[in-house]
Asks: 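Structure incoming, see below.
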Amino acid sequence: MKSPKSPLGAPKPLPPYDHMSIESKWQKQWAKKKIYATKEDAKKDAFYVLDMFPYPSGEGLHVGHPKGYIATDVVSRMKRMQGHSVLHPMGFDAFGLPAENYAIKMKTNPAIAVEKNVKRYKEQLEMFGFDYDWSREINTTDPAYYKWTQWIFLKLLEKGLAYESHEPINWCPSCKTGLANEDLEDGKCERCGSVVEKKPIRQWVLKITDYAERLLADLDATEKPLMIRDTGPDAVRPGMPLEERNAVVCVVKHWSEDKFLCLRWKSNDWHGLVVGGVEKGEQLAEAAVREVREETGYQNVRFVREFAKLDSQFYQAIKKVNRFAHFTGVYLELTDDAWKDIDEKEKALHEVVWLSRAEVAGFLNRPDMNYLWDVFVGKVKAEQPALDWPTSIKELQRNWIGKSDGMIFTAPVKDTNLTIQTFSAHFEACYADTFVVIAPDHPFLSTLLEGTKDKQKVLDFCAALVAKRAQQGFAEEKESEGIFTGRYIVDPLGNGDLPIWVASFALADYGTGIVKCSAHDDRDFAFAKKYGIKMKTVLYPKDAVLAEKVSAQEVCFADAQAGVLSEPKEFAGKNARSVRKEIIAHLESKNLAKKKTTYRLRDWVFSRQRYWGEPIPVVHCEKCGVVPVPEKDLPVKLPKVKSYEPTGTGESPLAAIEKWVNTKCPKCRSKKVNGVRPKARRETNTMPQWAGSSWYYLRYMDAQNKKALVSPDAEQYWAPVDLYVGGAEHATRHLIYARFWHKFLYDIGAVSTTEPFKKLQHVGLIMAEDGRKMSKRWGNVVNPDEIIATYGADTLRVYEMFMGPFDQQIAWNTNSMIGSRRFLERVWKLVGKVQVGSAASSTGASSTEVESLLHKTVKKVAADIADMKFNTAISTLMILLNALDEQPAGVSREQYETFLKLLAPFAPHMTEELWAQLGNKTTVHLASWPVCDEAKIQEASRKIGVQVNGKVRAEFEAPGGASDAELEKLALALPEVQKWVAGKQVKKVIVVKGKLVSVVVAE
RNA sequence: GCCCGGGUGGCGUAAUUGGUAGCCGCGCACCACUUAAAAUGGUGUUCUCAAAAGGAAUGUGGGUUCGAUUCCCACCCCGGGCACCA
């Protein structure tokens, strides 16, 4: 059959889809017309989409790198079409070890190597047709940029958050520099794999630990519910987690009077009994009781009954009203009359009122409440996490910060006037402590040993332990080793004199570096057994046989959660964990210990003894000491040098550049004192790779500003970053550092938000076809240049988005790409079937079914893109394409244009070309995004499945508005159903509107 | 050891809030077009039984339910992170 004729005559022959010429043509046009220029337009909502900017290596991009960039490009294009002012910038992070090591290898200056690599990266990025506004490009190695990195350092110094330290730090012998804890992997240098040593070197350190508590707490911070701020299609997203929607509604009856307690929502005219959400793993009744206790302070609440199970039909009926969520009703009763006031802070949003029976009835009869199914409906938007981040990344940060609540014990050292402090987070069994261990590299050790007869022997032993650690890495040590110091502490808890041992497992830089030990810790127990140290038990399991073994010190029992204490006598017979609070009070009241919180997070070692980094802007003056470089003298430029190889002496190569190093003290101007001119030398350490990336997202907002790192106007317009996309490997480095700096900048008033990134989305790695990481080493790298030449950038973009869930790791498969190419070619060909006749053709050429599908697609594609579910968005577009293509009368221009708009974010070049072919003079990328017409997606009839005893036996077409009774009748009349039902007693029929009829018969 | 994810056809995956498991794509088979091939279009494609009817099936085993990929309990496997952190 020939393709249908256009009303205007014979169909034009279609040109083939020539991606090469189309893509380069439109890339030039877009650049020329500056269609992606970003503006701070007060009339539009700002939307800031950000990629983790690349670190331009010498190898260029492989096909895995751009996956995240494609995603942000798709989102930014849709948001722009939806009328937002969009900031979608790009830049380069280029200071630091990788660039420097590469330069050393290639025997070029890092500055030149970086310039070359950036150029190559930009060329590659441009081939993808991304919508960056290059006028905001940044480069961390640009003095105009790092001026502000240095400025932030000066502010940190001013506030006492940057300090010099001589403590031993991680030293990589191969890279010849100090490293932060975050730069280690398995005790080895993350860059080169060498085992790091502990080396005492003068370092600049940032006090990130001062922010540990806020970095931790803000991960869980919530935003108070904003009532219907956004009534657009985004307000209730499909796929929004149940916890966000499913709230419990409680009716709480007074214990004696005929009164009902109501938690009233005051804002937006909403009166509700909304109590809160059901948490995962929680029963409805538990949730209701818990929430009422938390919200009102009423403790004596008894669960009476649940009103009914949620009815899904009901949700269907109100689903389209985006501000409604559904709840389930629970009936509780107060068991006493103890009045409690609710929290002051909550009063603005809630109040507790008592209603009479009549009032409750009236209340429940509101139109937004539905009695019929005992399910109440109202407006609610549950408290949302302030950080819309994947739970996994939040969890990684929590682990990294490693908060631990415990107690500090202080004890005198026998025969000396010294005291020792020990930290314990598992202090419930502290009455079992019988010895103390100290780390072999503890700075206090030599003082402690002063005057003991074996001092030198112990010190030698410790030195050997430390050397062994450095050699083989910490993790590989299996069995603990130790030596008795000859000293004892006098136990404050009355267990007499406790020996102090050096133990290889003790860490000098956690807690106090000294630990009180007992039989109730696996490691301590093994250590004591090995060296025959006396032990004592105070914690026993419930099982009598096992308890006997614990008592005999045959096995170690360390489970405070399950164990029962025997000492101190105040808590004898009690479960250890449940009396934790009381033990704290007991120890504090007797002045035996103090509460203390410690963190695993260490301060950030911030200096590198390397050339390629931002110079730390301070001067060391013989007379004035450390003097910050005045702001007006920033940036302190990195000098050009001939030799930039690391020295290994603990000094950076900059130290050798006399002309640069020797300077005037900014404070005393190096004026002569008693005829001698005080010498002033610049700091020669440089900043780590992570410095520039800790604040770069702010600079894009106002990239050219010479007076401030960002102007308040620009910052307030754009901040925070609405969507941040990048690899999960940055969870404990870049993302912690950036949050730390951001909070600091907030504290000094430089930014207006407490967190930099509102929503974080991590991108799943693209693996090579062999399942390994793409790497030059394996020879499995797929080059995007070649793929683009063969298939086109649009095909590559569609393929990468269609491969699978965006956040999932997935293997590249060039063969599968053909599907995406075919899809685009079918779109290309479909333009030949577009009917360009009268206006009537838009209805004439399309059935209501296709129209309905079109509008469903409009809705789903927008929701999926906003949700980063690109694979299903494309799948939906494919389904629509199949339907449009199969229409016998061709496709209407309106349908086709809508389709092009939906596809435009994914395949910007091809859609632009087709858009122009239809005669449009303006770009598709600034056209308005299609809007779903809800009326059109209602269906006239639906397929209903019929189950008999849970098994699907038949299906039938039912009219859209059929009632439950009608559906039941229709279903039971079906012969396939009768076959299973005939002669049996029908016990129950369940009707799920629009879905299925379930018949239960007696067996 | 501890903490997160995840296990669905030959493969990548989909499944709205507990409601007809396998959408979309790849691959494969057959058909059309072609001298032929490629490309394109069409049909089919979870397994099992010769077909139909039926049965089985979402890592394993149990539970709740009229109904479970989805909720609960236990276990196995894979991926990632943390790890002498007291």
Side-chain angles (χ1 to χ4, degrees), chain A residues 1 186 238-242 245-246 280-281 283 309-312 314-316 319 325-326 390-396 398-400 402 404 406 422-427 437 474-475 477-480 503-507 509-518 521-524 526-527 598-600 728-729 731-732 799 802-805 807-811 813 815-820 822-823 825-826 829 860 863 869 871-872 874-879 881-882 943-955 979 987-1001:
Chain A
M1 198 177 85
D186 216 7
M240 182 183 270
L242 181 63
R245 315 183 185 181
N246 188 9
K280 246 198 162 84
Q283 293 299 308
K309 289 250 167 177
L310 178 74
D311 193 301
S312 62
F314 185 70
Y315 182 74
Q316 285 286 327
K319 204 171 175 182
H326 66 275
T391 48
S392 59
I393 301 228
K394 286 189 180 179
E395 195 57 28
L396 290 181
R398 275 186 211 108
N399 289 343
W400 190 261
S404 175
T422 60
F423 173 77
S424 173
H426 306 300
F427 50 80
V437 299
F474 204 42
E477 197 177 76
K478 294 252 157 53
E479 196 179 306
S480 302
S504 58
F505 64 79
L507 300 168
D509 55 0
Y510 184 77
T512 65
I514 310 174
V515 193
K516 265 174 96 199
C517 298
S518 77
D521 178 284
D522 288 318
R523 240 178 6 220
D524 299 351
F527 189 81
T598 57
Y599 300 89
R600 209 191 68 95
E729 70 274 15
T732 53
Y799 172 60
F802 183 61
M803 284 174 96
D807 57 358
Q808 188 179 297
Q809 177 175 313
I810 202 156
N813 186 334
N815 288 338
S816 290
M817 263 188 64
I818 192 68
S820 303
R822 281 182 196 148
F823 167 59
E825 284 188 3
R826 293 185 61 205
K829 280 189 218 161
K860 183 158 172 63
K869 291 183 186 163
N871 54 332
T872 52
I874 293 173
S875 158
T876 311
L877 285 170
M878 287 173 170
I879 294 167
L881 175 70
N882 290 344
K943 229 194 237 174
I944 306 286
V946 186
Q947 292 184 346
V948 179
N949 281 0
K951 289 219 158 72
V952 181
R953 298 299 182 189
E955 61 178 36
K979 190 173 140 193
K987 284 164 75 178
K988 201 172 171 189
V989 179
I990 295 143
V991 181
V992 182
K993 204 164 254 159
K995 294 244 167 92
L996 63 74
V997 177
S998 180
V999 183
V1000 188
V1001 296

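Labels below follow one simple rule: chain letters A, B, ... track the order of the sequence lines, proteins then strands, and each chain is numbered from 1.
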Asks: Using atom C1' in both nucleotides, what's the gap between G6(B) and U69(B) to the nearest angstrom?
Replies: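 It comes out at 13 Å once rounded to the nearest Å.
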Asks: Check every strand shown and say whether Pro805(A) touches a base, only sugar-phosphate, or nothing at a heavy-atom separation below 4.0 Å.
Replies: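 Counting heavy atoms under 4.0 Å across all strands, the contact made by Pro805(A) is with sugar-phosphate only.
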Asks: By nearest heavy atom, map Ala954(A) and Tyr510(A) onto RNA chain B; which one lands nearer the 5' end?
Replies: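 The answer here is Ala954(A).
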Asks: If the condition is ring pair (Phe, Tyr, Trp, His ring centres under 6.0 Å), which residues does Phe823(A) pass it with, not counting sequence neighbours?
Replies: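 Listed in chain order: nothing, the list is empty.
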Asks: Between the side chains of Glu825(A) and Arg822(A), is the shortest nitrogen-to-carboxylate-oxygen separation below 4.0 Å, so that they form an ion pair?
Replies: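 Salt bridge absent between Arg822(A) and Glu825(A).
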Asks: Roughly how many Å is it from CZ in Phe823(A) to C1' in A39(B), rounded to a whole number?
Replies: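 Atom CZ in Phe823(A) sits about 20 Å away from atom C1' in A39(B).
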Asks: Measure from CZ on Arg600(A) to C1' on C2(B) and round the result to the nearest Å.
Replies: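 Rounding to the nearest Å, CZ of Arg600(A) and C1' of C2(B) are 13 Å apart.
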Asks: Once you apply a heavy-atom cut-off of 4.0 Å, does Ile393(A) come out as touching a base, just sugar-phosphate, or nothing?
Replies: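 Touches nothing.
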Asks: Among the candidates A86(B), A83(B), G19(B), find the nucleotide nearest to the side-chain atoms of Val515(A).
Replies: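 My answer, after comparing the listed nucleotides, is A86(B).
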Asks: Please name all residues satisfying salt bridge (charged side-chain N to carboxylate O under 4.0 Å, His left out) with Lys943(A), sequence neighbours left out, ordered by chain then number.
Replies: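 If we apply the salt bridge (charged side-chain N to carboxylate O under 4.0 Å, His left out) test to Lys943(A), skipping adjacent residues, the hits are Glu955(A).
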Asks: Both Gln947(A) and Ser998(A) contact RNA chain B. Taking the nearest nucleotide for each, which residue is further toward the 5' end?
Replies: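 Its nucleotide being nearer the 5' end, the pick is Gln947(A).
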Asks: Starting from P on U40(B), measure out to CG on Leu881(A) and report it in whole angstrom.
Replies: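 These atoms are roughly 14 Å apart.
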Asks: Can you tell which of C66(B), A86(B), A15(B) lies closest to the side chain of Ser404(A)?
Replies: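 Of all the options, the side chain of Ser404(A) is nearest to A86(B).
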Asks: Whole angstroms only, please: what is the CD1-C1' distance between Ile944(A) and U20(B)?
Replies: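 Distance, rounded to whole Å: 10 Å.
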Asks: I'd like the P distance from A57(B) over to U48(B), given in whole Å.
Replies: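 My reading of the P atoms in U48(B) and A57(B) gives 15 Å.
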Asks: Can you check whether Met878(A) reaches Phe802(A) side chain to side chain, under 4.5 Å on heavy atoms?
Replies: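 In short, these two side chains touch, coming nearer than 4.5 Å.
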Asks: State, to 0.1 Å, how close Met803(A) and Ile810(A) come at their nearest heavy-atom pair, and which atoms those are.
Replies: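 The answer is O-CD1, 3.3 Å.
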Asks: Rounding to an integer number of angstrom, what distance separates U58(B) and G10(B) when you compare their P atoms?
Replies: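 My reading of the P atoms in U58(B) and G10(B) gives 14 Å.
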Asks: Does the side chain of Leu996(A) reach to within under 4.5 Å of the side chain of Gln947(A), using non-hydrogen atoms?
Replies: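 Of all side-chain heavy-atom pairs linking Gln947(A) with Leu996(A), at least one is under 4.5 Å.
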Asks: In whole Å, what separates the P atom of G62(B) from that of A14(B)?
Replies: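 Pairwise P distance, G62(B) against A14(B), rounds to 29 Å.
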Asks: On the side chain of Glu955(A), is there an atom forming a donor-acceptor pair with the base of U20(B) - under 3.5 Å, no angle test?
Replies: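 In this structure, the two groups form a donor-acceptor pair.
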Asks: Keeping the roles fixed (side chain from Tyr799(A), backbone from Asn813(A)), state whether a donor-acceptor pair exists under 3.5 Å.
Replies: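 It does hold such a pair.
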Asks: Using the C1' atom as the point on both nucleotides, what is the distance between U46(B) and A15(B), in whole Å?
Replies: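 After rounding to an integer number of Å, I get 16 Å for this pair.
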Asks: In whole angstrom, what separates Asp807(A)'s CG from G79(B)'s C1'?
Replies: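 Going from CG in Asp807(A) over to C1' in G79(B) covers 13 Å.
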Asks: By nearest atom, which of the nucleotides A86(B), U40(B), G81(B) is closest to the Lys829(A) side chain?
Replies: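 The answer is U40(B), which lies nearest to the side chain.
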Asks: If you check every side-chain atom of Lys995(A), which of A14(B), A86(B), G19(B) has the closest atom?
Replies: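 Of the options given, the side chain of Lys995(A) lies nearest G19(B).
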Asks: Return the value, rounded to whole Å, for the distance between atom CD of Glu395(A) and atom C1' of A83(B).
Replies: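 Between C1' of A83(B) and CD of Glu395(A): 14 Å.
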Asks: What is the nucleic acid contact for Asp509(A), judged by heavy atoms within less than 4.0 Å: base, sugar-phosphate only, or nothing?
Replies: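 Result for Asp509(A) = nothing.
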Asks: Between Arg398(A) and C4(B), is there a contact of a side-chain N or O with OP1 or OP2 at under 4.0 Å?
Replies: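 Looking at the OP1 and OP2 atoms of C4(B), neither is under 4.0 Å from any side-chain N or O of Arg398(A).
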Asks: Specify the separation, in whole Å, of atom CH2 of Trp400(A) and atom P of G80(B).
Replies: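 Taking CH2 of Trp400(A) and P of G80(B), I get 17 Å after rounding.
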Asks: When you compare A83(B) with A21(B), how far apart are their P atoms, in angstrom units rounded to a whole number?
Replies: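 Going atom to atom, P in each nucleotide, I get 46 Å.
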Asks: Are Phe423(A) and Thr598(A) packed together at the side-chain level, in the sense that at least one heavy-atom pair is separated by less than 4.5 angstrom?
Replies: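 A side-chain contact under 4.5 Å exists here.
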Asks: Is there side-chain contact between Val989(A) and Val1000(A), with heavy atoms separated by less than 4.5 Å?
Replies: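 Contact flag for Val989(A)/Val1000(A) side chains = no.
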Asks: All N/O contacts under 3.5 Å from nucleotides 24-31 of chain B to the protein, with atom names and distances to one decimal?
Replies:
unit_1, atom_1, unit_2, atom_2, d
C24(B), O4', Ser875(A), OG, 3.4
C26(B), OP1, Arg822(A), NH1, 2.5
G27(B), OP2, Arg822(A), NH1, 3.4

Asks: Rounded to whole angstroms, how far apart are CZ on Phe505(A) and P on A83(B)?
Replies: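 Computing the Phe505(A):CZ to A83(B):P distance gives 18 Å.
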Asks: State, to 0.1 Å, how close Ser504(A) and Ser480(A) come at their nearest heavy-atom pair, and which atoms those are.
Replies: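 In this case the closest contact between Ser504(A) and Ser480(A) is OG-CA, 3.4 Å.
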Asks: What pair of heavy atoms forms the shortest contact from Tyr510(A) to Tyr599(A), and how long is it?
Replies: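 The pair with the smallest heavy-atom distance is CE1-O, 3.7 Å.
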Asks: For G19(B) and A68(B), measure between their C1' atoms and round to the nearest Å.
Replies: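 Looking at atom C1' only, G19(B) and A68(B) are 10 Å apart.
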Asks: Is the glycosidic angle of G81(B) within 90° of 0, making it syn, or outside that range, making it anti?
Replies: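 Anti conformation here, the glycosidic angle of G81(B) being more than 90° from 0.
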Asks: NA contact type, Ile990(A), heavy-atom cut-off 4.0 Å: base, sugar-phosphate, or nothing?
Replies: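 Ile990(A): base contact, heavy atoms under 4.0 Å.
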Asks: If we take the C1' atom in both U8(B) and C77(B), what is their distance in whole Å?
Replies: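 Rounded to whole Å, the distance is 15 Å.
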Asks: Given Watson-Crick or G-U pairs with both distances under 3.5 Å, what dot-bracket string fits RNA chain B, with | for other-strand pairs and [ ] for crossing?
Replies: (((((((..(((......[....)))((((((.......))))))(((.....)))..(((((..]....))))))))))))....
Asks: Can you find a side-chain donor-acceptor pair between Asn399(A) and Arg600(A) that sits under 3.5 Å?
Replies: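 No.
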Asks: Excluding sequence neighbours, so at least two apart, what forms salt bridge (charged side-chain N to carboxylate O under 4.0 Å, His left out) with Glu729(A)?
Replies: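 Partners of Glu729(A) by the salt bridge (charged side-chain N to carboxylate O under 4.0 Å, His left out) criterion come out as none, since no residue qualifies.
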Asks: Under a 4.5 Å cut-off applied to non-hydrogen side-chain atoms, are Pro805(A) and Asn871(A) in contact?
Replies: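 Yes, side chains in contact.
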Asks: How would nucleotides 53-59 of chain B be written as a contact map, 5' to 3', with B for base contact, S for sugar-phosphate-only contact and - for no contact, using protein heavy atoms under 4.0 Å?
Replies: SSSS---
